Amino acid sequence: MPRFPAGQTLLIDADDTLWENNVYFERAIAAFISYLNHHAYTPAEVRKALNAVERETILAHGYGLTSFTRSLVACFERLSAEPVTDEKRARIIGFAQTIRDQEIELLPGVADTLAELGIRHRLILMTKGDHAEQADKLARSGLAPLFNAVEIVPEKNPPTYHAVIARYELTPHTGWMIGNSPKSDINPALAAGLHAVFLFHKDTWVLEHAEIDPAPEGQHLVELDSFSKLSSIF
């Protein structure tokens, strides 16, 4: 029998929870750093500079591949010792294009586990990012029919979670957020009064790293290392 009774509402993250995502960005970043081949900055220093640019770009343009492409170009322009030609700019954009062309790769056990969980619980996909981009990923994943609803939000913070809680009339004892990001999936969900399941992923984006907050009294925080293990608690 599941550890928690039937009738839970499970909000489930998408990128690096249902399918691989950040590993493709990391490959593009590695190619970018190699192409820049900076003589004054180490690869680690270039990556630190890119992280800073990404934070700025996210504030102005949100998440997604278009925002990431802007960040690569802006970082190259800041660090390049030589003028950035149209040819170089096109090459940098090409690194990001490899991500857009990537097939959706589901993480192990995702499809079967979702199908099983859906028999007993209400499943809501909750992901952040560019709406069209995330909706396209979901369509290509083949997982859309397994969800009762889909929420694509610009940011995951306590106010966003409170809005979703109200929209779906979630109760304090049966609402969960499940995902791989301490910053976006776990801490703000706990702060909003939800239970949470942290799913470890070794390639979680560095800008999503954070210390995991302890669960407030009366709330549950579960840590798992694979999606398929959700069936053992739900």
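Note that this is a predicted model, so its numbers are computed, not measured.
- Put simply, the side chain of N157 gets close to the backbone of T160: a donor and an acceptor are under 3.5 Å apart.
- Ionic pairing of R100 and E133 is not present here: no N-O contact between side-chain nitrogen and carboxylate oxygen is shorter than 4.0 angstrom.
- Salt-bridge check for E103 with R140: failed, with every basic side-chain N at 4.0 Å or more from each acidic carboxylate O.
- No donor-acceptor pair under 3.5 Å is formed between the side chain of S34 and the backbone N or O of A31.
- Under the salt bridge (Lys or Arg N to Asp or Glu O under 4.0 Å) criterion, the residue pairs touching residues 198-217 are K128-E208, with sequence neighbours excluded.
- Annotation for L221 and I212: closest pair CD2-CG2, 3.6 Å, computed over non-hydrogen atoms.
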Anything under 3.5 Å between a donor and an acceptor, one on a side chain of residues 192-199, the other on a protein residue two or more places apart or in another chain? List them.
unit_1	atom_1	unit_2	atom_2	d
H195	ND1	H220	N	2.9
H195	NE2	P172	O	3.3
H195	NE2	H173	O	3.3

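- Using a 3.5 Å distance cut-off with no hydrogens or angles, the side chains of T9 and R122 do pair a donor with an acceptor.
- Side-chain contact check for S71 and E54: no donor-acceptor pair (N or O, by modelled atom type) lies under 3.5 Å.
- In this structure, the side chain of Q134 does not engage the main chain of H131 through any donor-acceptor pair within 3.5 Å.
- In terms of modelled atom types and a separation under 3.5 Å, the side chain of E169 and the main chain of A166 share no donor-acceptor contact.
- The minimum heavy-atom distance linking L207 with K183 is given by the pair O-CD, 3.1 Å.
- Listed for the T127 side chain is no donor-acceptor partner under 3.5 Å among the backbone atoms of D13.
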Quiz item: Should D185 and S181 be marked as a side-chain hydrogen bond (donor to acceptor under 3.5 Å, both in side chains) after you check the CA-CA gap, both sets of side-chain angles, and the distance that decides it?
Solution: CA-CA 5 Å; D185 298 323; S181 168; 4.6 Å; no
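- The two atoms that bring L117 and S231 nearest to each other are CD2-CA, 4.3 Å, heavy atoms only.
- Counting all heavy atoms, side chain and backbone alike, R120 lies closest to F234 at NE-O, 2.9 Å.
- Annotation: salt bridge (Lys or Arg N to Asp or Glu O under 4.0 Å) contacts involving residues 19-28, sequence neighbours excluded, comprise E26-R47.
- Side-chain atoms of K156 come within 3.5 Å of backbone N or O of M126 as a donor-acceptor pair.
- Exactly one residue among I124, I12, L11 makes a side-chain contact (heavy atoms from CB on, under 4.5 Å) with M177. That residue is L11.
- Taking each heavy atom of T98 and A28 in turn, the nearest pair found is OG1-CB, 4.5 Å.
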